[in-house]
Amino acid sequence: MATAATTSAAAIPTAGGGGRRQHHHPRRPGLRPRHLHRLRLPAQAAAAAAASSPSTSSSSSSSSSSSTPAEGGGRLVAELVGAFNELTGRMGDGLATSSSSRLLFRALKLALPALRDGDGGRALARALAVAASLADLQMDAEVISAGILREALDAGAISMRDVKYEIGISTAHLLHESLRLKHAPSKLDVLDDESASALRKFCLSYYDIRAVILELALKLDMMRNLDCLPRYLQRIKSLEVLKIYAPLAHAVGAGNLSLELEDLSFRYLFPHSYDHIDQWLRSQETENNLLIDSYKKQLLQALKDDDELSQIVQDISIQGRYKSRFSTMKKLVKDGRKPEEVNDILALRVILEPRCDGSSLDWGPRACHKTHEIIQAMWKEVPGRTKDYVTRPKENGYQSLHVAIDVSEPGKMRPLMEIQIRTKEMHKFAVGGEASHSLYKGGLTDPGEAKRLKAIMLAAAELAAMRLRDHPASDQGDSNCTNRAFCQLDKNGDGRISIEELTEVMEDLGAGGKDAKELMHLLDANSDGSLSSDEFEAFQRQIELMRSLDDKDDRYRKILKEKLQTIDSAGLIQVYRKQLGDKLLVS
């Protein structure tokens, strides 16, 4: 593979070709993208590409008025491949079958040209954020595809008929169900506890459970972008989420999603109370983060040094845990606890991956209990606070071992540290939407109803899995292909992407053959008129580099915004302004 292929991959063409489909998405001011995964290429790279291809540079002026004037078909393909790789990576090997990959690829091809025009890519970023949330919940490709397309459907950029004929009737059904769920709160005259509980029960009993989870991911995206709405609408939406959708997330087992919905609702409904809790937790975190890092290193080293554990475990990871602002408020206000009695400010989660051995099915529980013994030898365990859900799982299937540790030192009191111990499979079951920590919070207090709901959820998941399962007779071409994105472009399965195959994808995205030739010219290192898997992988590496830079920029922006807001709220900026003004007056 030539080195030139790697460098030239960055120079994606910027001239637009003629397209067979154009979509216009109405601009919605105020939306803020969370992760706008778009390539930002240096001007020098674009200039180099133009210089190396006289035929294309001479035509750039004539194509400037086409459907994609600023970005070009090459950038569209980069966005398509980057989004596809991220979503399939989040889904995992078990869910990202070749059938699922094809469905997801079609959904992205339909959504990208529909959502990228007119608003700087904000709608596209939000659609991909929803899809990422669903992939993290280990939803199937039909649900993720519906999440991608819902934004375009709401904007009128595509129709339900488009979804039905280009993606499939199952995805269209999920979108139809989620649209019905969207208007569910309008059924209530008064949003009190009793009516909210009745509505949750109705949603869980009469709607496709996968459509419920799709609507929860959409509600999370709405809450993350609520600043664009007037204050009174922010509070109305937040109350609906707190009363209806956050408990629904608990009911279907999406615990992390539920925590974020609760915290965002709390922030908009009671901003002053939220600020007090947030500042108090941040003041604790300043010292506690250093402690957590130290305890993580000590524990990880102790676990790796244990010979017995090493024989039954092939991987160990230790995570810090997010402290919910809303749950902290309930402990301090509703339960009447003192700040020093909030015991899980310091918290760790140990996730173990047992070695694969069919003759040792008990290695997971053994690894959890051995880890517990090592922790007991390191720190002082608080009597009566250990909860062994590994030996005795909860009724909903939840398994984990919870231990409370006293890490106080002479003359230095510290809050108790909670450690959760579980295997990778137990963790996936707990947070991936398969287990419900508290079905009753969704409005189902009757154990019989809860059992029936769980059966419905499992049946829906199994039915979707059967539809998307790979069948050897029909998927032999894809089974030998390890690069999923390459497989979607290599239509005839000959191991190379031809100019005709690349042109077909370009046209689906609203670009044309001219852009396909440009991209082929840039990526085809050996000039044989097609792309090998190695040449395509070089292109993918360049895409991932640019996406990682965008992610870092987004993360740095959030950190700087937070720090500058903290300075402003402390009045330091005003102090500096006054001092500067005084100096100017004196001089």
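Side chains are part of it too, since the values below use all heavy atoms of this structure and drop only hydrogens, waters and symmetry mates. The first residue in the sequence is number 1, and the count goes up from there. All values reported here derive from a predicted model rather than from experimental measurement.
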Please answer whether the main-chain N or O of [Y] pairs with a side-chain N or O of [X] as donor and acceptor at a distance below 3.5 Å.
X: Arg106; Y: Ile167; result: yes
X: Glu177; Y: Ala211; result: no
X: Asp221; Y: Ala217; result: no
X: Glu501; Y: Asn492; result: yes
X: Glu353; Y: Glu425; result: no
X: Glu544; Y: Arg541; result: no
X: Asp515; Y: Leu519; result: no
X: Arg484; Y: Asn85; result: no
X: Glu535; Y: Ala525; result: yes

Side chain to side chain contact (heavy atoms under 4.5 Å, CB included), that's the test. Do Cys487 and Phe105 meet it? Break it down for me. CA-CA 10 Å; Cys487 290; Phe105 200 75; over 6 Å; no
Does some side-chain heavy atom of [Y] sit less than 4.5 Å from a side-chain heavy atom of [X]?
X: Arg150; Y: Glu215; result: yes
X: Thr171; Y: Val143; result: no
X: Leu137; Y: Asn256; result: no
X: Leu112; Y: Glu79; result: yes
X: Tyr207; Y: Ser178; result: no
X: Leu226; Y: Leu264; result: no
X: Met426; Y: Leu352; result: no
X: His176; Y: Met160; result: yes

Show the nearest heavy-atom pair for residues [X] and [Y], with the distance to one decimal.
X: Met91; Y: Ala141; result: CE-N, 4.1 Å
X: Lys182; Y: Tyr245; result: O-OH, 4.3 Å
X: Lys109; Y: Pro113; result: O-CD, 3.0 Å
X: Ile497; Y: Asp490; result: CG1-N, 4.3 Å
X: Met222; Y: Arg126; result: CA-NH2, 3.8 Å
X: Val313; Y: Ala367; result: CG2-CB, 3.5 Å

Evaluate salt bridge (charged side-chain N to carboxylate O under 4.0 Å, His left out) for Asp315 paired with Lys424, printing each intermediate quantity in order. CA-CA 9 Å; Asp315 187 51; Lys424 191 174 182 180; over 6 Å; no
Can you tell me if NZ on Lys296 sees more than 12 non-hydrogen neighbours from other groups inside 6.0 Å?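 Count over threshold, so yes.
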How long is the span from the [atom1] atom in [X] to the [atom2] atom in [Y], to the nearest 0.5 Å?
X: Leu522; Y: Asp524; atom1: CG; atom2: CG; answer: 10.0 Å
X: Ile213; Y: Leu218; atom1: CD1; atom2: CG; answer: 12.0 Å
X: Ser533; Y: Asn483; atom1: OG; atom2: CG; answer: 7.5 Å
X: Ile351; Y: Thr423; atom1: CD1; atom2: OG1; answer: 9.0 Å
X: Ile144; Y: Leu214; atom1: CD1; atom2: CG; answer: 10.5 Å
X: Leu115; Y: Ile148; atom1: CG; atom2: CD1; answer: 9.5 Å

Is a donor from one side chain sitting under 3.5 angstrom from an acceptor on the other, for Arg349 and Gln420?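 Yes.
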Without hydrogens or angle criteria, can the side chains of Asp162 and Ser159 be said to hold a donor-acceptor pair below 3.5 Å? yes
List for me each residue that meets side chain to side chain donor-acceptor pair (under 3.5 Å) alongside [X], sequence neighbours excluded, and say none if there are none.
X: Ser317; value: none
X: Gln311; value: none
X: Ser310; value: none

Does the pair [X]/[Y] count as a salt bridge with the N-to-O cut at 4.0 Å?
X: Glu142; Y: Arg210; answer: yes
X: Arg122; Y: Glu151; answer: no
X: Glu500; Y: Lys491; answer: no

Does the pair Arg224 and Glu260 meet the rule for a salt bridge (charged side-chain N to carboxylate O under 4.0 Å, His left out), with working shown? CA-CA 9 Å; Arg224 287 170 172 170; Glu260 189 171 353; 2.8 Å; yes
Show your reasoning for whether side chain to side chain contact (heavy atoms under 4.5 Å, CB included) applies to Leu220 and Leu216. CA-CA 6 Å; Leu220 177 60; Leu216 291 173; over 6 Å; no
Check the pair Glu537 / Gln540 against side chain to side chain contact (heavy atoms under 4.5 Å, CB included), numbers first and verdict last. CA-CA 5 Å; Glu537 284 173 7; Gln540 287 180 299; 3.8 Å; yes
Could you walk me through whether Gln298 and Ser294 pass side-chain hydrogen bond (donor to acceptor under 3.5 Å, both in side chains), step by step? CA-CA 6 Å; Gln298 293 176 41; Ser294 174; 3.0 Å; yes
Derivation of the salt bridge (charged side-chain N to carboxylate O under 4.0 Å, His left out) call for Glu86 and Arg547: CA-CA 10 Å; Glu86 178 173 345; Arg547 285 165 67 86; 2.3 Å; yes
Take Leu531 and Phe539 through the test side chain to side chain contact (heavy atoms under 4.5 Å, CB included) and record every step on the way to the result. CA-CA 10 Å; Leu531 297 181; Phe539 178 50; over 6 Å; no
